[in-house]
Every structure is written in C-alpha cells, then in structure tokens.
There are 2 protein chains.
Amino acid sequence: MARSNVGPTITEVAKAAGVSRATVSRVLNGRTTVDPAIGARVRAQAERLQYRPNLTARYLSTGRTMTVSLVIPDLGNPMFQSVLRSLTRAAESAGYGVLVAEAQSAEKEARIAQDARRQCDAVVLVAPRTVDAELDALITQVAPVVVLNRRLKDPHVASVGIDYGAGVTQLVDHLTALGHRDLLYVAGPERSAAHQERLATLNSIAASRPELSVRTIPGGASMAAGHDVAEEVLASGATGVLAFNDLVAFGLLARLHGLSVDVPGDLSVTGFDGIELSRFAVPALTTVGQEVLDTGAVAWSLLEPQLAATGKAGPVEHALLTPRLIVGDSTGPAPAARASAHAPAADAAPDPAAR
Amino acid sequence: MARSNVGPTITEVAKAAGVSRATVSRVLNGRTTVDPAIGARVRAQAERLQYRPNLTARYLSTGRTMTVSLVIPDLGNPMFQSVLRSLTRAAESAGYGVLVAEAQSAEKEARIAQDARRQCDAVVLVAPRTVDAELDALITQVAPVVVLNRRLKDPHVASVGIDYGAGVTQLVDHLTALGHRDLLYVAGPERSAAHQERLATLNSIAASRPELSVRTIPGGASMAAGHDVAEEVLASGATGVLAFNDLVAFGLLARLHGLSVDVPGDLSVTGFDGIELSRFAVPALTTVGQEVLDTGAVAWSLLEPQLAATGKAGPVEHALLTPRLIVGDSTGPAPAARASAHAPAADAAPDPAAR
DNA sequence: CTGTTAGCGCTTTCAA
DNA sequence: TTGAAAGCGCTAACAG
C-alpha cells in the first residue's frame with residue numbers, strides 16, 4: 001500500500017542530488033564526514049523538496065520511535081494535566097513526542113501501559129491503583145520506565161515520588177497550630193496508593209497525638225465527590241477537614257458556600273496537590289504542592305538518560321519531591337479556640353494571586 | 001540496530017507454529033479465510049509467546065500509523081483538555097492513539113502541525129491564532145484534518161465550529177433581561193479567532209441596540225488575566241461583565257471576592273465555554289457551553305470516515321455546535337434596576353451541582 | 001488455503 | 001569519502 005504520508009522520500013532527494021540514499025542519510029544525520037560540496041548539494045535539494053525524514057521508517061532501522069507514552073488514570077485531573085504539559089514540553093525540546101494513554105479503570109492500567117510501550121521508546125507511568133505485585137511485573141515489561149507518584153521497592157526503576165506523608169504532616173501541623181483538634185479526612189479512591197499513604201500517615205499521627213481526633217469518611221478524587229460529602233462533613237462536627245486533593249476541596253467549598261457555611265470561620269478546609277486553581281478558589285485554598293519543580297519535567301530528566309544509553313544504563317535515579325505548605329484563606333482558627341489569644345494570626349494575604 | 005522494543009516478532013511466531021509469516025499475519029488480522037486447525041495453532045503460539053504486532057512496522061507496509069495528532073495552543077486550558085480527553089477516548093475505541101502537540105506560540109502552529117502530521121494519519125487542529133491565508137495552505141498540507149473552533153471558507157475540510165455569536169447573544173440577552181445596560185467585555189488574546197468573533201458579535205449587538213453601552217478592555221485567556229483586570233473592571237462602572245472565557249471569569253471572581261465586591265449584587269459576571277469548573281465557582285458561573293456534545297468526540301466522528309476512505313473521501317462534514325446558556329449565581333439584577341419590580345427573579349438554585 | 005516474494009523508507013554495515 | 005546491499009517487522013501481491 002502506498003503511504004498516505006505527505007512529502008518526498010530520501011530516494012527522491014538522492015536522485016535530485018545525484019547521490020545515493022546512504023549519502024543523503026549521512027549528510028542529514030551528520031555522523032560521518034562528507035564532502036562539503038556534496039553536502040551542500042544534498043542540503044539544497046532537501047530544502048528545495050521540503051524533505052523531512054519519515055520518523056516511522058527511521059524507527060524500523062534504528063529501533064527508536066522518538067516518542068514516549070504517558071499513562072495516566074484520568075485526563076480530567078489538573079494534577080495529571082500539569083504532568084502531561086510539562087512532560088510534553090521537556091520531551092519536545094529533546095525531539096520526542098508524547099503519546100497519551102488514559103487508563104480509565106484500574107484493570108486497564110497494565111494493559112494500556114503494555115500497548116503504549118509497543119509504540120514508544122519508554123513510558124511514564126502513573127498507575128495509582130495497580131497493586132504492588134502486578135506493578136513490579138509490569139515495570140520490567142515496559143522498561144525503560146519512570147514511575148510517578150508511587151513509592152517503589154525496586155531501586156532499579158526510576159521514579160518520581162511525592163512525599164505525601166510530609167504533605168499531610170504539614171497540613172495537620174498547620175491545622176493543629178490553629179487550634180483544631182477534631183479533624184476529618186475526606187478519603188480518596190480506595191485503591192489509590194496516594195490515598196493509602198496519606199491515610200497511613202494520618203493514622204500514625206493520630207496514634208502519637210492522643211489529643212487529636214482524626215476520622216475518615218469516604219470521598220473520591222473529583223469536584224463532584226467533594227460536593228457530595230459536604231453535608232456529611234458538616235454533620236461530623238469536625239472543625240478541620242483534609243480533602244484528598246484540591247479538586248475535592250474545591251467541590252466541598254462550593255457546596256459549603258451554598259449551605260452558607262463560613263469557611264474558615266465555621267470550618268477549615270485543606271486540599272492537596274497545589275494545582276493552579278487552588279489559588280483562585282474562594283476562599284483561596286490552603287494546600288500542599290510543588291510549584292516550581294514540576295513532576296513531568298523531573299520525570300523527563302530521569303527518563304532521558306535511559307533513552308540515550310544504548311547498552312546498559314547508568315545508575316537509575318529517584319526523585320522524592322516534598323510538597324510545601326501553601327497557606328490560603330480556607331483555614332483559620334478553630335471555632336472553639338477563637339477567643340483564646342494563642343491562635344496565631346498566620347493566614348496570609350487575602351489576595352489569592354499574591355503568592 | 002536492534003529494536004529496543006519488547007516481545008517476539010511475527011517470524012518467531014511463524015516458526016513456533018510451523019507456518020509462514022504471511023499465514024500468521026492472515027490469522028491475526030483475519031481478512032482472509034484460514035484453515036481452522038492452522039488458525040488455532042497460530043493463535044495458541046501467539047498467545048503463548050505473548051506476541052503483539054509491532055505497529056510501527058505495520059505502518060511501513062500499510063501506510064497507516066493508527067495515531068492522530070491533536071495540535072492545541074495551550075494544554076493548560078480546560079477547554080482544550082476536555083477536547084483531548086474526549087478525542088482520546090473516541091480514538092481509542094477505534095484503535096487509534098492520540099499524539100499531543102502543543103503549539104505554544106502563534107508562529108509555531110503551522111510548523112508543529114506539519115511535523116505532527118508526519119508521524120500520524122491525520123491531525124485535529126486547533127489553531128486559533130494562525131491567520132486565514134496561512135491556515136488554508138496548512139490545511140491542504142496536513143489533510144486529512146479536522147479544524148476546531150474556526151469558521152472556514154473552504155467547504156472541503158471538515159470542521160467543528162462553535163457558534164460563538166449565538167453564545168454571546170445569549171449572554172447579552174440574559175444580562176439585559178436582568179436590567180443591565182452597561183456591559184464590559186474582557187477581551188481574549190488579540191489574535192484569537194474566537195475573540196474576534198465574539199467581539200464582532202458584540203459590536204453588531206451594540207450597533208442595533210443603542211440603549212446599550214458595550215465597552216471592551218484587554219484581558220487574556222487565563223485565570224491570572226481575569227485576576228489582573230479586576231480593578232479596571234470595577235473602575236469602569238459597568239454592571240455586567242462578559243469575560244472571554246470561564247478561566248478569566250474565574251480569576252476575576254476570585255479577585256472580586258478579595259476586594260469584597262458582591263457578585264452578583266454589585267456586579268454580574270459571565271464566562272464562556274462551560275467547563276466543569278464553572279459549576280463549582282463561588283458563585284457558580286453563568287456561562288455558555290456544550291455539555292453533552294463534546295467537541296473532541298464530534299471531531300473524531302468527522303475524522304474517522306476520512307481515515308477509512310482509501311481513495312477519495314465522501315463529502316466532508318461540518319458541525320456547528322451551538323452553546324447553550326447555563327445560568328449560575330454570578331449574574332443577577334442590575335443594581336439600578338434592583339428596586340424595580342420587573343427584574344425577573346430568574347436565577348436558579350444556589351446549589352452549583354443541581355444542574 | 002498457504003508459501004514465496006517484494007517492498008514500505010530509512011540507516012548502517014561492508015567494500016570499493 | 002561514497003555506493004551497493006542488507007535488513008528492521010510487517011503486509012499484500014502473486015503463484016502454487
């Protein structure tokens with residue numbers, strides 16, 4: 001079948017320049033020395049014919065597709081969108097394209113990743129719901145790979161982790177400093193590793209600080225989920241709410257506003273991830289996140305050496321990003337502690353974009 | 001060079017099953033009839049070896065990559081993200097992958113689209129800033145193509161348009177019904193075709209309704225842009241503000257809240273696009289958008305027939321989506337008209353997710 | 001119904 | 001330094 005792709009082939013350039021295809025290839029890839037005159041002639045013809053090498057064909061002989069796949073669970077989550085964006089930009093500057101694969105269900109994650117890898121040189125894997133054992137197997141299959149947002153046992157696979165525990169700890173410290181003693185965690189998806197880790201941290205905090213009450217209710221990962229739990233949150237009587245992520249916090253804030261609940265007067269709410277949106281929430285969200293060091297860019301920096309290495313790769317690296325606290329206006333002194341003087345007046349500017 | 005890709009080749013499967021590669025290919029693609037016994041044998045071996053065809057190699061002989069590119073100006077905009085998401089899903093169900101290409105600057109749009117096309121069977125093009133003349137040239141180069149969010153002259157290229165004019169008209173009607181006479185448009189990017197079209201509609205409305213004042217101030221397409229124009233919006237004295245899109249409206253709302261401006265009491269604000277977020281704004285945003293008929297899915301439905309058609313394609317289709325009004329809580333009676341009785345008490349439920 | 005053959009466009013040995 | 005030739009993995013003519 002004829003190729004549907006546009007543009008001339010290397011053969012036509014060769015013919016036009018009166019040389020062999022091999023020479024054209026050499027000129028254009030510039031790995032060996034070529035006669036300057038020939039080189040100029042070839043380049044001129046290539047330019048004139050608007051020649052662009054067919055990357056697919058090149059792959060077949062080099063074994064490199066010049067694309068990587070990003071496997072993510074949910075394209076609707078700004079958190080992953082920002083990964084996609086920064087990964088795309090980083091990859092592009094190295095001449096790589098990014099293929100997006102959305103694994104909408106937990107079961108699909110492995111299969112999607114495998115399929116994706118067949119068309120790509122590597123995969124950036126965000127698989128929050130695949131269980132550890134399967135993940136290990138998957139990883140060896142699709143390598144080179146960098147795994148995002150998962151704590152891995154195997155030190156041989158590159159990963160970009162986020163220290164969820166540190167994030168949760170900062171949020172709890174922030175809330176307790178404001179006098180909150182009765183905390184409520186609006187949980188993420190049951191199978192989510194990020195959720196598990198946050199929950200574990202919360203439990204250990206609760207264990208070591210008996211003065212605190214830390215309860216959990218089921219939630220989700222979307223704005224709608226946050227919206228839907230608002231009544232339950234209110235009914236709990238807790239004064240400090242830790243939402244699974246910014247989206248959930250968002251939905252919660254919106255619904256609380258509808259219910260005429262004063263945030264942070266009656267209730268303090270925190271998010272997680274630090275997506276851009278959180279600054280523009282009303283009230284601006286107190287959250288934790290990475291602003292500068294974007295996950296996607298870090299992922300690329302770990303992936304690139306693996307792509308370059310022809311034979312065995314060098315030592316694989318790991319990044320553990322520690323989110324930092326971003327204080328918004330959605331948290332304030334606990335209602336009971338309001339009158340007392342030791343409630344710090346910590347909350348920053350009411351201007352959500354002042355940061 | 002050896003292929004870095006994992007998995008066995010068709011040759012190994014053929015060898016294992018004791019048949020020729022052609023037979024394996026036939027069995028697996030099922031285009032011709034094959035001896036059932038042989039078929040079973042081949043399938044068993046393929047399964048055992050975990051064989052998956054190399055799509056890149058397949059492309060070289062079929063001329064089809066089974067991927068399409070989405071060229072968009074900004075991965076950070078939820079509007080485009082939703083296009084990406086629905087396109088990805090639609091394409092996936094047809095066995096196609098989606099390659100993302102972000103054209104961050106106006107100048108890059110054409111080049112990015114061309115490059116993308118070289119690795120794909122088709123491109124979905126969102127190029128709001130490329131001027132008409134160039135766009136025409138580009139389109140013929142990268143066909144098959146479907147163009148989004150642009151009104152095209154050439155009836156031969158598929159397009160999914162949004163009737164921005166109808167959207168703007170609905171918003172203006174809504175505001176004027178509420179008694180607003182002094183309107184302010186926070187403009188989008190100067191070169192944006194969507195902006196131009198909205199502006200043109202506003203101008204024609206202003207011309208035909210002399211009782212209205214319709215002014216324009218520069219804005220942008222981001223939350224930050226909306227945030228930054230808040231003071232200027234206030235200073236204008238207008239009572240109804242039409243933001244270029246939901247993001248801008250969002251940023252504006254956040255800043256207005258910080259400035260203790262009552263929305264919609266003092267000022268009514270509308271967005272554009274109807275992104276999911278708009279429902280969760282505080283107050284919930286009055287906007288226009290397509291909820292069900294997602295642009296990406298529609299784009300795919302126009303693209304697919306072009307991909308299937310081996311020879312000349314059938315008649316190309318065009319879709320023009322008419323956004324519908326989504327009334328939130330960010331619009332209300334104009335301050336001056338407040339006392340009067342004929343201000344309709346139209347605003348819907350304060351519950352942002354009630355819709 | 002099956003095997004053989006040719007070739008997609010490119011890179012890369014191997015000789016000259 | 002250059003050209004000829006082989007081959008990446010697959011599909012699709014054409015014979016058998």
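We name chains A, B, ... by the order of the sequence lines, and we start the count at 1 in each one.
- Rounding to whole angstrom units, CZ of residue Arg58(A) and C1' of dC8(C) are separated by 16 Å.
- No option in Val124(B), Val298(B), Val123(B) other than Val124(B) meets the side chain to side chain contact (heavy atoms under 4.5 Å, CB included) test with Val146(B).
- Here the nucleotide nearest the side chain of Ala22(A), chosen from dA4(D), dC10(D), dG7(D), is dA4(D).
- Dashed line: the shortest gap from a side-chain N or O of Thr33(B) to OP1 or OP2 of dC1(C) is under 4.0 Å.
- Counting only N and O atoms by type, the side chains of Thr130(A) and Glu109(A) include a donor and acceptor under 3.5 Å apart.
- Between dG9(D), dT2(C), dT11(C), one nucleotide has an atom nearer to the side chain of Asp35(B) than all others, and that is dT2(C).
- Backbone-only contact: Ile38(B) has heavy atoms under 4.0 Å from sugar-phosphate atoms and none from a base.
- dC8(C) atom C1' lies 16 Å from atom CG of Leu55(B), rounded to whole Å.
- Judged by distance alone, the side chains of Arg111(A) and Gln114(A) never bring a donor and an acceptor atom under 3.5 Å apart.
- Base engagement by Ser25(A) is indicated by at least one non-hydrogen atom pair under 4.0 Å involving a base atom.
- In this entry the distance linking NZ of Lys15(B) with C1' of dG3(C) reads 16 Å, nearest Å.
- Heavy-atom nearest nucleotides on DNA chain C were determined for Tyr51(A) and for Thr32(B), and the one closer to the 5' end corresponds to Thr32(B).
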Between Glu92(A) and Asp115(B), does a side-chain contact (heavy atoms from CB on, under 4.5 Å) hold up when you go through it step by step? CA-CA 12 Å; Glu92(A) 186 198 23; Asp115(B) 286 354; over 6 Å; no

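- Nearest nucleotide to the Asn54(A) side chain, out of dC10(C), dG9(D), dA12(D): dC10(C).
- Rounded to an integer number of Å, the gap from Ile10(B) CD1 to dG3(C) C1' is 13 Å.
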